[in-house]
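Worksheet: one structure, shown below.
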Amino acid sequence: MLEPVKHAQRGLSIVELLVGLALGMFIVAAGIALVAGNLREHRALLLESRLMQDLRTATDLVLRDLRRAGYWGDASAGVWYRGSVGVIANPYTAVSPAAAASDAVAFRFSRDGVENHSVDANEQFGFRLRSGVIEMLLGSGNWQALTDSATLTVTAFTVTPTVQEIALAGFCAKACPPGGASCPPRQQVRDLAVNVTGRSATDAVVLRTVRGNVRMRNDVVVGSCPL
């Protein structure tokens with residue numbers, strides 16, 4: 001009597017199938033985690049790039065306007081020379097803050113077609129931090145937003161002045177009396193350091209700072225020579 005031929009086992013057992021499914025799910029989960037990580041890094045990079053671009057644009061605009069502070073269309077009227085009738089003081093030299101750091105800055109410059117030697121309402125400018133937005137002053141009382149709160153929240157805006165004085169005693173015909181506070185005259189060389197810190201409005205983790213410095217072109221002369 002012939003015995004039945006035993007055939008080799010075909011297919012997978014339930015244990016092998018479960019092990020294979022577990023390995024497959026593990027590989028798929030690892031791939032999904034890798035793709036999700038790349039997407040998060042790409043999104044963070046885009047947010048950082050946009051934040052830095054917004055901060056640099058705002059800082060550049062602030063520095064550009066600060067360079068114009070003190071501009072006077074008739075600067076020659078403030079220069080003394082032999083035979084001159086008198087000297088007119090530059091009405092646009094005032095800049096605030098003058099000594100300590102501040103979250104606001106105010107300055108002036110001339111916009112007259114024909115110089116009238118006075119500060120008009122449309123010749124007053126400034127920047128300030130208010131409710132996470134840098135605002136700019138265009139004329140007396142006319143504040144407008146410089147940054148967009150929907151994309152950028154400004155957490156810090158600081159303007160720090162630095163003043164260096166150069167003695168002008170060599171230009172005086174007479175020597176200054178000892179102990180005089182206003183003699184000799186001094187030329188004030190002014191610099192303003194601007195720091196702007198902001199975070200992304202859609203991701204508070206993304207925080208960056210931009211710094212800039214501007215040398216004011218219109219120096220101030222204080223004091224006077226003895227008569």
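Computed over heavy atoms, backbone and side chain alike; hydrogens, waters and symmetry mates excluded.
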Determine whether V62 and L146 make a side-chain contact, defined as any pair of heavy atoms from C-beta on separated by less than 4.5 Å. yes
Show your working on salt bridge (Lys or Arg N to Asp or Glu O under 4.0 Å) between R128 and E135 and close with a plain yes or no. CA-CA 5 Å; R128 69 181 181 184; E135 295 181 337; 2.8 Å; yes
May I ask you to test the Q188-V222 pair for a side-chain heavy-atom distance under 4.5 Å? yes
With clusters defined by side-chain heavy atoms of hydrophobic residues (ILVMFWY) lying less than 4.5 Å apart, directly or transitively, does L192 cluster with L63? yes
What is the distance from atom CE of M25 to atom CD1 of I32, rounded to the nearest 0.5 Å? 9.5 Å
Under a 3.5 Å distance rule, please check whether D54 uses its side chain to pair with a backbone N or O of L152 as donor and acceptor. no
Tell me which one of V95, D191, T93 satisfies side chain to side chain contact (heavy atoms under 4.5 Å, CB included) with M216. V95
Looking only at non-hydrogen atoms, find the nearest pair between C176 and P226 and report the distance. SG-CD, 4.1 Å
Can you establish whether the number of heavy atoms outside R186 located under 6.0 Å from its atom CZ is more than 12? yes
Do S110 and E115 have side-chain heavy atoms sitting under 4.5 Å apart? yes
Going only through I, L, V, M, F, W and Y residues with side-chain contacts under 4.5 Å, is there a path from V220 to F109? no
Under the side-chain hydrogen bond (donor to acceptor under 3.5 Å, both in side chains) test against Y92, which residue among E123, Q124, R108 passes? E123
Just by modelled atom types, is the V205 backbone N or O under 3.5 Å from a matching donor or acceptor in the D203 side chain? yes
More than 12 heavy atoms of other groups within 6.0 Å of E165 CD: yes
Any idea which heavy atoms bring S102 and P97 closest together, and the distance? CB-CG, 3.8 Å
Test your reading of the model: is there a side-chain donor-acceptor pair from R199 to the backbone of L51, 3.5 Å cut-off? no
About how many Å separate OG1 of T209 and CG of L55, when rounded to the nearest 0.5 Å? 7.5 Å
Quick check: are there more than 12 heavy atoms from other residues, nucleotides or ligands sitting under 6.0 Å from CD of Q164? no
What do you reckon, C183 and C225 SGs under 2.5 Å? no
Count the heavy atoms belonging to other residues, nucleotides or ligands that lie under 6.0 Å from CZ of R215, then report whether that count exceeds 12. yes
Specify whether W72 and H117 have parallel, tilted or perpendicular ring planes, treating 30° as the upper limit for parallel and 60° as the lower limit for perpendicular. perpendicular
Hey, does the side chain of T160 reach the backbone of A101 with a donor-acceptor pair shorter than 3.5 angstrom? no
Are L138 and F157 connected, step by step, through hydrophobic side chains (Ile, Leu, Val, Met, Phe, Trp, Tyr) whose heavy atoms are closer than 4.5 Å? yes
Same cluster or not: V133 versus F127, using hydrophobic residues (I, L, V, M, F, W, Y) connected whenever any side-chain heavy atoms lie under 4.5 Å apart? no
Calculate, to the nearest 0.5 Å, the distance between atoms CG and CG belonging to L137 and D65 respectively. 10.5 Å
Path from W143 to F107 over hydrophobic side-chain contacts below 4.5 Å: no
